[in-house]
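Below, each value reflects all heavy atoms present in this structure, side chains not excepted, and no hydrogens, waters or symmetry copies. The first residue of the sequence shown is numbered 1, and numbering continues consecutively from there.
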Amino acid sequence: MIRFSSFFFAALALALFLLTSAPGIGTEDSGELATGARLLAMVHAPGYPLYLLLGRLAAALSLYPGRGLVLLSVVAGAATVGLFHFIVKRELDETSAAIAAVSLIFCRGFWMAATEVEVYTIQSLLLTGLLGSLLQLKNHPGSGKAKRLLGFLTGLTLAHHMGLTILLPAIALFVGCTARGDLRDWSRAAGNGIAGVALYGALPLLSTRAGIAYIAWDPIRSFPQLLNVMGGAGFRKLLFAVPPDQALLNLGHFPFALAIWFPYLSIPLAVAGMWTGYRRMRAFTVLILAWIGITILHAANYNVLDPERFLLPAVVPFAWLSGVGFHHLSRRHVLGVEARVFLVTALLATGMAGRLADGNFFATAYDTMPTDVARAVLRSHESRPESQVIWTDWRFYPTLRYFQLVDGLGRNVLLDFDSTSESPGSVYLPGRTWTMRASPELGSQYALIMDDLQWHVMPKGHAATVPVDPGDPRIDERIGGIRVEQIEWPANVTPGEPIRANITFRRDTMPAADTVTGMLVLRRRGHVRMSTPLSLLHWNTAPQDLDPAKQYSEPVQTIIPTSHADEKDDSFTLELRLTTSLEKRIIPLGRIRLNSGR
């Protein structure tokens, strides 16, 4: 009999996740959670009290912003794999558990969550424990211990994320049809559940502190306010807010999106597991399928920027089905030790090949871009004596706010949150307003001039593109009535500091497009590391308005992450992409030499 240790798979996951983990905080929720955990401040609903308390301890593991919280995700992900293997091994067999564990390790969505600052791997760990307690209850319907464990894990999971509430009806129906016991057992289970949910009491307690940091959400001062946060507060309106045609499209697409997260060999095994599981463990398999189906239904109807993220609660049940499918096939065909080892090895190999196929296996480990951009932006304002305003949406706001509150950068900057790339912010200071997101819509109202990785918001027509003396063209690229003649950037650059490029162009004799937009693309060894959007003429002037007798210039910038400060080869290149409604141009610019520490 071949034997696989749960510790082996946990250690394998730990090594892989650690090698490919992000160095620290990212954008969006990552920056907010890092700030909330570091300062024990309120974050978006449902508040995540368990994560804030664990994150506060984890934040002390590293001085680099958010690194301790990344390690928390890594450890929680590895623990999930180890616990999952143990549960499946106890219920099925050694090899089926290995197949299920490998499927979970190489699930792309799970891997991503385990290598960044996010709440999802702790959620997966708790859901895995919940899955195990339900299996124990299936096998021992009268066990008071199983009921108490189920109650406590349910409460603790709710204290981490109230998203479990959408699964509670299915779980309650399974428990009602399966479990037996007297009122005393159930009252103890309910008491354990209340003990877990009681962690929410930490939120109003934290809110009573003097000088509590404000990220974007008010401290909780009353019980009704706590209930509102626990219930999802303003996010409830996003559920079932997806247009019906898009919701139907999501419902058709998301099952496949979930499946292709997994290694290819896991998918037919999971399909087989649905059938054989229904025949051999009908009630439990119906629960698993309902779990996956409810998760897909929720994600398909949740009107957020990345609804696929909300498929993550379904990855553990899906991996369970792959183990069940293999268990059935191995029993039916009586596989020997050699065949079992071969199949586990093949699944490992295909899973790793899938991760290596795109050539970006270690890309996340070098992604200090959010930290570098936020620091560069805020530091650029510290030399300015007057207060400044930055319009920003949720992508950049939390990370900028982290460095304001934790590192004290940019204290003279007001972050005007929730302004989008299409609309201005609520506060405008002439000559002292900036935006992190430029667009033609915003450019129709203002002149947007890039400087220090942000756009200076100036009155429309103010500081129009400056004519320069004609010179010999070094480039001759024509698109949309524009002729690009020269692109300049520093011969040597320092990682972590803006790379200031300048595009020189003039009006061409060809018919003019309405707009010319594009990207300044930074590549490392052929792979895109950063793309900075640009629109010639400060986002607000049409090509036909140019004087054909003059040259014009447009600034655009990018940045090399500080994680590449010790690069030993010139592996970075720049390219310019220009686009109109009718055509595209890609202009290779050349390599960048680093002022590194070598």
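Residues that satisfy the side-chain contact (heavy atoms from CB on, under 4.5 Å) test with Leu312, not counting sequence neighbours, are Ala113, Tyr120, Trp261, Arg309, Val315. Remark: Val389 pairs with Trp391, Leu414, Asp416, Val427, Leu429, Thr433 by the side-chain contact (heavy atoms from CB on, under 4.5 Å) rule, at least two apart or across chains. The salt bridge (Lys or Arg N to Asp or Glu O under 4.0 Å) search around Asp372 returns none, not counting sequence neighbours. Listed by chain and number, the residues in a salt bridge (Lys or Arg N to Asp or Glu O under 4.0 Å) with Glu575 are Arg523, Arg577 (sequence neighbours excluded). Taking Asn228 as the reference, Arg236 meet the side-chain hydrogen bond (donor to acceptor under 3.5 Å, both in side chains) condition, with sequence neighbours excluded. Not counting sequence neighbours, the partners of His381 by the side-chain hydrogen bond (donor to acceptor under 3.5 Å, both in side chains) test are Arg384, Gln454. When the salt bridge (Lys or Arg N to Asp or Glu O under 4.0 Å) test is applied to Arg375, the partners found at least two apart in sequence or on another chain are Asp407. Scanning for salt bridge (Lys or Arg N to Asp or Glu O under 4.0 Å) contacts around Asp451 gives Arg500, with sequence neighbours left out. Residues that satisfy the side-chain contact (heavy atoms from CB on, under 4.5 Å) test with Ala202, not counting sequence neighbours, are Leu53. Residues passing the side-chain contact (heavy atoms from CB on, under 4.5 Å) test with Ala13 are Phe17, Ala78, Val81, Ile105, sequence neighbours excluded.
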Show me the side-chain donor-acceptor pairs of residues 490-498 shorter than 3.5 Å, one per line, residues at least two apart or across chains.
unit_1: Thr494; atom_1: OG1; unit_2: Asn595; atom_2: ND2; d: 3.4

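Applying the salt bridge (Lys or Arg N to Asp or Glu O under 4.0 Å) test to every pair with at least one member in residues 13-38, sequence neighbours left out, gives no pairs at all.
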